[in-house]
Structure formats: C-alpha cells, structure tokens
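Structure, as structure tokens:
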Amino acid sequence: MTVKTMHTPEVQALLKKVAGLDNDGGNERVKQIVHRLMHDIFQIVEDFDVTPEEFWSAVYYVNGLGQNGEAPLLAPGLGMDHYLDIRMDAEDAEAGLTGGTPRTIEGPLYVAGAPISDGFARMDDGTDTDSETAIITGRVTDENDQPIAKALVDIWHANSKGGYSYFDPSQSEYNLRRRIRTDADGRYTARTIIPSGYGCPPEGSTQTLLNLLGRHGRRPAHIHYFISAPGYRHLTTQINLAGDEYTYDDFAFATRDDLVVEAHRIDDPAEAEQYGLNGPFNKLVFDVQLLSTEATDQQKRHPRQRALEGESA
Ligand code: DHB
Ligand code: FE
C-alpha cells in the first residue's frame, strides 16, 4: 500500500520553494510550468509507489539521453511532435482556415543550407549502389490552383540504408538534401533515390524505452519537405511511401492519408529520356497547395534548434 504525502503542507510548501514561486526574480511562466511539472512527477511517485531504485534509473536514463543526444529523437516517438501538429490543426480549424496540403512533423534530422537551384536538382551523389533511381516532381499552387513561381522547396531524405547525411558521417556533404526553386509553372523536379525506412539506433536511449513499451522504432520510407514563398504560410510536411510495412505503423506518428504517395515504376525509355535517364525509374508526384497569409512570422518555419541553421551556408 502506498503512503499518501502529496496533500501535506510540507510537500505543498516544498513544491512552491522548488519552483521559486515566492521569489521575485526569474521567469513567471517557467515557475508555473516547473511547479506543475514537479507536482505531477511527485504525484506519479506517490500513485505508482515508485521505489528509489526505479527513480534513480529514470534519472540516469535522462542522463544517457543527453549523452547520446537523442532527446530530439525520443520526442517524436513519444508523440510530442504529432501532438503539436494536432494542436496547430485545431487552431487552424478554430480560425476557419481550411484547405492547403496538410502539415506533418519536421523530425530531428534537418540540416540548414542545402545547395539551391532553379526548377531541378539532382539530390544523390551517385554512390548509393543499392538504391533505385527516383524522380520526384510536383507543382506548388495557391488556394485557387494558380502556380506559385520561385517557391522554395527544401527536400531531405534518407539513403537506401535509412541514414541521413550529416548525422551519418559516411555520406557526402548535403547528400540527399536540396533546395529547389519552382519554375514559372510552379513546378519542382528532383532526381534522387528511393529512401529506405528509418530505424532508431538500436542501442540508443530511444529504442531502449520503446523496447520497454513493446514498441518498434521504425518509420516508413519518407521524404521531408519545407515549402515556402513570400505571401504564403510556410509548410512543414513529408510524404510517406505507399506499400511500406510501416506506412500506417509509424513510430513517429507522421503519416497522414493525403501524404501517402505511390512510387510508380516507369519503363518507358522516352519518359526516362525526358529526365536525362537511360533506364527504368520510379516516379513520385507530390503537388503542394499553400495558403496565403500576410503575417510574416507564418511565412517562416518556426524557430527551433537545427543543424547549421544561422551559419553562412
Ligand atoms: C525520427 C527520425 C526521422 O527521420 C523522422 O523523420 C522523425 C523522427 C526520430 O528518430 O525520432
Ligand atoms: Fe525522417
């Protein structure tokens, strides 16, 4: 039987002191949130009769998470990124904002400053011999289906082993990361490879916790996008490839019906030639509709820590 101490004046006073509620300095919002957070943790200890051994194993889990840098990897696995999307969707619905391509999570593996080009880019460095060639193309339009020229389409994805350049030091700089400006018809085209699904590092902190939850740490093959243009809302989204074992079983909860895209195999040499290819390839079509906005803060991705962001790349 678990002892009840949360209600006592001693514990309530302790929580207030912990959160600095009676101090003049500091930040009021941080105080309120830390007060609630520590209250809820104390409450969990009480309700589940958490033993000192369990408590300290949790502390050292957090320490390990910091050491291997996996906090931003764990967050999506615990549904945090998707939950923030649910809240932004609800905000939009309440404001009567409808239409446009749906958002979904950014994930932790973006790198700022990828090479930029007009209309077309080759994204792969040609070294991934296990991979299949892909052409990804689509049009960026406004809510009236009019093309948006010079929209910036920032694409990043994993290689055939599920690894991302920069985080996987075996890949060349900015491999599978490009920024493409749409042409006058709103079109972007990328020559790249079909990515493989991603899996959390098997020995890492994220997978350790997922194992205790009886969960896998797999994502379907997917391709990330930031799409932006002056006068339009910035869009963070991704496409998840149809037919992957994990398309509808994504540990990061990013899959949305409108964002599942099929890779069509094209054997027609004439169509291959159109893209400068001389063999069969996979074609993925992803059109994007942006919503207009006057608000300049909505035209940019939200601020957060990102690799190489703010550096002159
Ligand atoms: C994670 C990895 C991804 O590639 C992604 O898109 C989302 C989340 C992760 O490791 O948590
Ligand atoms: Fe990803």
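Numbering of ligands and ligand atoms starts at 1, following listing order. What's counted below: heavy atoms across the whole structure, side chains too, no hydrogens, waters or symmetry copies.
- Of all protein heavy atoms, the one closest to atom 6 (O) of ligand 1 is R219 NH1, 2.6 Å.
- In this structure a side-chain-to-backbone donor-acceptor pair under 3.5 Å is missing from E245 to P220.
- Rounding to the nearest 0.5 Å places OG1 of T189 at 7.5 Å from CG of D183.
- Remark: side-chain polar atoms of T182 are paired, donor with acceptor, to backbone N or O of K150 under 3.5 angstrom.
- Using cut-offs of 30° and 60° for the angle between ring planes, the H224 and H222 rings count as perpendicular.
- Interface of G107 with ligand 1, defined as ligand atoms under 4.0 Å from a residue heavy atom, comprises 7 (C).
- Using a 4.0 angstrom heavy-atom cutoff, G77 does not count as in contact with ligand 1.
- How far CZ of F55 is from CD1 of I41: 7.5 Å, rounded to the nearest 0.5 Å.
- Interatomic distance, OH of Y110 versus CZ of F226, reported as 5.5 Å (0.5 Å rounding).
- The protein heavy-atom contact nearest to atom 8 (C) of ligand 1 is P108 CD, 3.3 Å.
- Among the backbone and side-chain atoms of Y164, an N/O/S atom is found under 2.8 Å from the Fe ion (ligand 2).
- By the 3.5 Å distance cut-off applied to N or O atoms, E106 is not counted among the residues near ligand 1.
- Polar contact check, L74 against ligand 1: no nitrogen or oxygen pair lies under 3.5 Å apart.
- Near Y164, the atoms of ligand 1 lying under 4.0 angstrom from a non-hydrogen atom of the residue are 4 (O).
- Residue contacts with ligand 1: H224 is placed with a nitrogen or oxygen under 3.5 Å of a nitrogen or oxygen of the ligand (distance criterion only).
- Of all the listed residues (F253, W156, Y198), Y198 holds the heavy atom that lies closest to atom 10 (O) of ligand 1.
- Salt-bridge check for R219 with D250: passed, with a basic side-chain N closer than 4.0 Å to an acidic carboxylate O.
- Here the heavy atom of the protein found nearest to atom 11 (O) of ligand 1 is L73 O, 2.7 Å.
- H222 has its closest N, O or S atom to the Fe ion (ligand 2) at the position named NE2.
- Proximity of a side-chain donor or acceptor of R181 to a complementary backbone N or O of V153 within less than 3.5 Å is not detected.
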